[in-house]
Structure formats: C-alpha cells, structure tokens
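Below is one structure, written out as structure tokens; comments come after it.
Residue numbers start at 1 and run along the sequence shown.
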Amino acid sequence: MSPSRPFFTTPSGEFDTGQLLYEAIPLAKLVALVGAVALTPQLLHWLAIELLSITPALGIVFTLATQFVLAVGTGLVLIYVVVRANQLTDQ
C-alpha cells in the first residue's frame, strides 16, 4: 500500500489547489506578522537616529533587537510547519 501524497487528489494525481491555499494562507499570515514585528525596532532605530539625532551607537541595540525578533520568529514559523506537517500525516 503506497502512502498518499498530501496535496494531490488521489484518483487523478493532480494538485489539490484548495488544500494548498488552505495551508499556505495561515503560514503567509504568520510570516507577515513576524516581519511586521521585526520592522518595529527598525522604525524605532530610524526615529531615534534620523529624527531625534541620538547617538548612532544606540543603533546597534536596535539592530540586535531586530535580529532577535527575526530569529525567534523564524523558530516559530518552523515549529508551526513541523506541527502542521505532523497533523497532516496523521489525517
């Protein structure tokens, strides 16, 4: 007995585009959310350095904050993908 492939319809062997969109849209929303949260320290960096003329050394802190948010966000996205893949294999 061969295992079923998750995004293919069984009789015809074609892509199940409805299922692909059903899985891709929440993932895209999660990636967009992480990106938006990562833009916040960069916006604060621009505000502090360009508009308020605070010392550029503070820019390092904002850059590190952005990198931290991106690293944690990437981890969350990967965890979501692994958990969802396990759920799909159980179906």
Can you name the nearest heavy-atom pair linking [X] to [Y], along with the distance?
{"X": "Thr66", "Y": "Pro41", "value": "OG1-CB, 3.3 Å"}
{"X": "Gln42", "Y": "Phe62", "value": "NE2-O, 4.1 Å"}
{"X": "Ala38", "Y": "Leu70", "value": "CB-CD2, 3.5 Å"}
{"X": "Leu88", "Y": "Gln19", "value": "CD2-NE2, 3.9 Å"}

If hydrophobic clusters are built by linking Ile, Leu, Val, Met, Phe, Trp and Tyr wherever their side-chain heavy atoms come under 4.5 Å apart, do [X] and [Y] end up in the same one?
{"X": "Val81", "Y": "Val31", "answer": "yes"}
{"X": "Val37", "Y": "Leu44", "answer": "no"}
{"X": "Leu51", "Y": "Leu43", "answer": "yes"}

*Heavy-atom count around Ile60 CD1 within 6.0 Å, excluding the residue itself: above 12?*
no

*Tell me, yes or no, whether the heavy-atom count around Phe68 atom CZ, taken from other residues, nucleotides or ligands under 6.0 Å, exceeds 12.*
no

*Would you say Val34 and Leu76 make side-chain contact, with heavy atoms under 4.5 Å?*
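With C-beta onward as the side chain, the pair stays apart.
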
